[in-house]
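Below is one structure; the comments refer to it alone.
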Amino acid sequence: MAGDITETGELYSPFVGLVYMFNLIVGTGALTMPKAFANAGWLVSLILIIFLSFMSYMTTTFVVEAMAAANAQLRWKRWEKEEDPDSSESSDNEVPSPSGYNRSETEPILSVQRRGLSDPFEIVERVEMGQMASLFFNKAGINLFYFCIIIYLYGDLAIYATAVPLSLVQVTCFSANGSCSSQSEERNDTDPCWGPIRRIDAYRIYLAVFTLLLGPFTFFNVQKTKYLQMLTSLMRWIAFIIMIVLALVRIGKGEGAGHPPLAQVSGIRNLFGVCVYSFMCQHSLPSLVTPISKKKHLTGLVLVDYFLVLAFYSLLCFTAIFCFSSGALMDMYTLNFSGCSPFVPQVIGYFLGLFPVFTISTNFPIIAVTLRNNWKTLFHRDGGTYPWLVDRVVFPLITLVPPVIVAFCTNHLEVLVSITGAYAGNGIQYVIPAFLVFCSRKDNALVYGPGLTNKHTSPFRQVGWVWFVLCWALTCFIYVTANIILTDGSL
């Protein structure tokens with residue numbers, strides 16, 4: 001995320017790439033979708049999720065096109081250095097022109113075939129979004145890009161810091177009380193958990209323990225191993241399949257308690273943010289797409305993935321809203337199966353209640369380190385180094401403290417997910433890809449000329465689609481902001 005250019009790494013087949021992309025998209029956000037569906041009404045929710053999946057697919061093709069354009073730009077830079085080695089140092093320090101370009105676009109363009117490569121737009125190097133921003137954006141655009149990424153990662157950390165204590169409270173308060181409550185029974189933060197300890201107090205105790213155990217990792221460098229990633233993915237899919245099967249069994253027995261309305265305008269704001277967050281994958285596409293061995297039908301592969309994700313989300317949410325009443329659905333869907341539900345075996349109930357604790361706890365340090373590194377990149381100056389205190393103490397603290405404070409002040413997970421998706425997610429999923437593809441097309445037309453086309457060009461190649469995405473993003477921003485201002489007590 002900090003914008004490095006790295007080698008492709010080990011290649012894998014398009015089918016494996018399809019599985020990886022599916023796993024990337026379907027994450028924690030999916031657990032908050034059922035409640036948002038129920039509150040907005042099933043018909044409105046279905047229409048909106050179909051439209052948002054289409055918009056996310058469109059901007060995903062924009063990012064893939066920009067990745068190919070970035071590969072072409074990097075090749076052109078290397079070719080220039082090979083032809084004139086003495087100019088390599090000066091070209092790196094070249095002052096951008098008023099239009100924002102720092103390459104020799106006005107010089108005669110040499111034949112691409114003469115350079116020994118049939119297609120410069122082949123995606124062979126992994127160019128992260130930060131590097132693409134530095135290639136195609138001016139200084140202000142780069143800073144806005146990192147600002148958007150940082151806000152999104154703060155939202156991620158706040159969501160994670162809320163979800164883990166929330167899950168632990170739901171599981172341990174039931175067992176500590178020694179009594180079973182119906183899943184349709186409303187539980188308030190002021191309800192007792194352990195004797196005089198209220199549920200909100202238990203939540204904050206768990207938050208403190210979570211911060212003390214995982215917070216120190218922010219001060220070091222950590223990365224998620226392949227086997228840990230496989231384990232968390234396996235746990236996630238076991239949990240999703242169990243929840244869908246249990247809900248279908250209950251509905252099949254005629255015990256479903258859900259009677260969702262067709263439409264409810266008041267729930268659209270949260271549904272929008274939750275859906276945007278749940279379809280988020282654009283920021284990780286370079287790491288996912290570059291190692292795919294055969295990219296000839298990449299656009300079709302992405303389209304199949306979005307159809308599968310849409311079908312899965314619809315199945316998860318519709319079984320949920322017809323199995324549980326709208327008032328009984330919790331911010332995190334797994335919590336509806338924890339506790340003492342008569343139709344859920346106790347072992348499975350504990351597994352589903354605690355599974356977010358394990359999966360999210362492994363992701364929290366990774367996201368925290370990524371956010372810390374983005375802060376460093378944002379303020380980095382060429383040739384400069386940070387003092388030890390700033391590098392090892394200040395940056396980790398400004399990474400860790402804000403999301404913990406947010407999690408301490410509110411445990412409304414659905415609201416956190418919806419706001420993160422509606423604002424930072426809006427920027428990452430719509431605005432940044434639209435500007436990346438617009439600027440990369442303009443840039444490559446100047447460097448390579450109109451005769452050479454990008455074979456990874458998005459099916460939405462007309463400039464009108466770019467403006468449509470930007471107008472949609474602005475409309476959503478205005479609608480969500482106005483809705484928050486006009487709605488009292490949303491938090």
Side-chain angles (χ1 to χ4, degrees), residues 19-20 22-38 42 45 49 159-160 162-175 180-185 187 227-258 260 274 277-278 305 308-326 328-363 413-414 417:
V19 174
Y20 283 171
F22 191 91
N23 279 336
L24 173 67
I25 297 174
V26 180
T28 309
L31 298 177
T32 63
M33 290 185 73
K35 183 176 180 180
F37 252 64
W42 69 266
S45 298
I49 194 176
I159 291 166
Y160 289 175
T162 303
V164 170
L166 205 60
S167 298
L168 290 171
V169 166
Q170 182 67 14
V171 172
T172 60
C173 281
F174 274 131
S175 59
C180 294
S181 300
S182 169
Q183 286 297 326
S184 60
E185 182 180 332
R187 284 173 293 277
Y227 298 104
L228 185 59
Q229 183 176 356
M230 291 172 59
L231 177 62
T232 55
S233 295
L234 179 63
M235 289 182 63
R236 182 169 68 243
W237 285 111
I238 291 174
F240 278 128
I241 292 171
I242 289 175
M243 289 187 293
I244 291 173
V245 170
L246 288 175
L248 285 173
V249 169
R250 190 182 185 193
I251 294 171
K253 291 180 178 179
E255 299 174 358
V274 167
Y277 187 84
S278 299
D305 239 322
L308 293 175
V309 171
L310 178 62
F312 174 77
Y313 280 168
S314 299
L315 179 62
L316 178 70
C317 293
F318 274 93
T319 54
I321 63 178
F322 285 100
C323 180
F324 299 98
S325 65
S326 299
L329 281 169
M330 299 189 180
D331 284 0
M332 186 174 291
Y333 185 43
T334 51
L335 301 183
N336 281 93
F337 298 89
S338 62
C340 306
S341 296
F343 68 97
V344 181
Q346 191 174 26
V347 174
I348 293 179
Y350 278 113
F351 169 75
L352 292 176
L354 293 175
F355 124 83
V357 176
F358 300 119
T359 56
I360 290 174
S361 295
T362 59
N363 285 333
L413 190 63
E414 185 194 10
V417 172

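The structure displayed is predicted, hence computed values, not measured ones.
Between the CZ atom in F312 and the CG atom in L308 there is a gap of 11.0 Å [rounded to 0.5 Å]. The CZ atom of F351 sits 5.0 Å away from the CE atom of M235 when rounded to the nearest 0.5 Å. Here L246 contributes atom CG and I241 contributes atom CD1; the two are 12.0 Å apart, rounded to the nearest 0.5 Å. Going from atom CG of L335 over to atom NZ of K35 covers 10.5 Å, rounded to the nearest 0.5 Å. From L352, atom CG reaches atom CZ of F240 across 10.5 Å, with rounding to the nearest 0.5 Å. The CD1 atom of I321 sits 8.5 Å away from atom CG of L329, with the distance rounded to the nearest 0.5 Å.
A pairwise comparison of heavy atoms in L413 and D331 identifies N-OD2, 3.0 Å as the closest pair. In terms of heavy atoms, V357 sits closest to S167 at CG2-CB, 3.9 Å. Minimum interatomic distance between T334 and P356 (heavy atoms only, all atoms of both residues): OG1-CG, 3.6 Å. Listed here is the closest heavy atom pair of A328 and N336: O-ND2, 2.8 Å.
Side-chain atoms of L316 and Y333, non-hydrogen and from C-beta on, do get closer than 4.5 Å to each other. Looking at heavy atoms from C-beta onward, T319 lies out of side-chain contact with C323 at the 4.5 angstrom threshold. Inter-residue side-chain proximity for M330 and Q170 is flagged as met; some heavy-atom pair is nearer than 4.5 Å. Under the 4.5 Å side-chain criterion, counting only non-hydrogen atoms from C-beta, N23 is in contact with R236. Side-chain atoms of F337 and I348, non-hydrogen and from C-beta on, never get closer than 4.5 Å to each other.
Under the side-chain contact (heavy atoms from CB on, under 4.5 Å) rule, V417 has a single partner from T162, V274, L31, which is V274.
With ring centers used as reference points, F322 lies 6.0 Å or more from F37.
At least one donor-acceptor pair closer than 3.5 Å links the side chain of S278 to the backbone N or O of G29.
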